[in-house]
Amino acid sequence: MFDTDQSKIRSKARPELDKLGKSLEGYKGTVRIYGHTDDRGSAAYNQKLSEERAEAVKDYLVKECGIPGIHLKTKGLARNTRWSPTTVITTVKKTGGWKSLWTVSS
């Protein structure tokens, strides 16, 4: 969803975020958004970039999809625990609710 070394969401990622936003309409629980990076750069740099990426997704969902920010929590995980959105969506469906995470990685 991001170019290397960037926290700006790629335009081609927007349709996926729009789908996520649509599925969250009316949801009253907490959604956690984790940002990730690759293994280039220092640990401190990657931590900051991963936090910025998670915040970029939150900002998009709030501004473009109308999801209340109070329901969105972010955390940067740098280059640790990389998941793909497909894996996470499957997990969400199996749990029957939005208890799992939508992760954004490079």
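Along the sequence shown, residues carry numbers from 1.
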Given the rule in the side chain to side chain contact (heavy atoms under 4.5 Å, CB included) test, do Tyr60 and Ile33 qualify, once you have shown the distances and angles that lead to the verdict?
CA-CA 12 Å; Tyr60 185 90; Ile33 303 166; over 6 Å; no

So Asp18 and Cys65, side chain to side chain contact (heavy atoms under 4.5 Å, CB included) or not? Walk me through it.
CA-CA 7 Å; Asp18 291 339; Cys65 301; 3.9 Å; yes

Flag the pair Leu49 / Ser7 as yes when at least one side-chain heavy-atom distance between them is below 4.5 Å, and no otherwise.
yes

Any His71 side-chain heavy atom under 4.5 Å of Thr30 side chain:
no

Separation of Ile67 CD1 from Leu17 CG (nearest 0.5 Å)
11.0 Å

Decide yes or no for Tyr34 and Arg53: does some side-chain heavy atom of the first lie under 4.5 Å from some side-chain heavy atom of the second?
no

Side-chain heavy atoms of Lys19 within contact of Glu16, under 4.5 Å:
yes

Taking atom CZ of Arg40 as the centre, does the number of heavy atoms from other residues, nucleotides or ligands within less than 6.0 Å exceed 12?
no

Salt bridge flag under 4.0 Å for residues Lys48 and Glu51:
no

Side chain to side chain contact (heavy atoms under 4.5 Å, CB included) between Lys75 and Leu77, intermediate numbers included
CA-CA 6 Å; Lys75 184 173 183 176; Leu77 294 179; 3.9 Å; yes

Would you compute the distance between atom CD of Glu52 and atom CD of Gln6 and round it to the nearest 0.5 angstrom?
9.5 Å

Full working for side chain to side chain contact (heavy atoms under 4.5 Å, CB included) between Arg32 and Thr74:
CA-CA 6 Å; Arg32 290 180 175 84; Thr74 62; over 6 Å; no

To the closest 0.5 Å, what do you measure between NE2 (His36) and CE (Met1)?
11.5 Å

Which heavy atom in Ala78 sits nearest to a heavy atom in Ser50, and how many Å separate them?
N-OG, 2.9 Å

Could you check whether any side-chain N or O of Gln47 sits under 3.5 Å from a backbone N or O of Gly76, counting only pairs where one atom can act as donor and the other as acceptor?
yes

Does Arg10 form a salt bridge (charged side-chain N to carboxylate O under 4.0 Å, His left out) with Asp3? I'd like the steps, not just the answer.
CA-CA 7 Å; Arg10 290 181 187 170; Asp3 289 325; 2.8 Å; yes

Say you draw a straight line from CG of Asn46 to OG1 of Thr37; how long is it, rounded to the nearest 0.5 Å?
3.5 Å

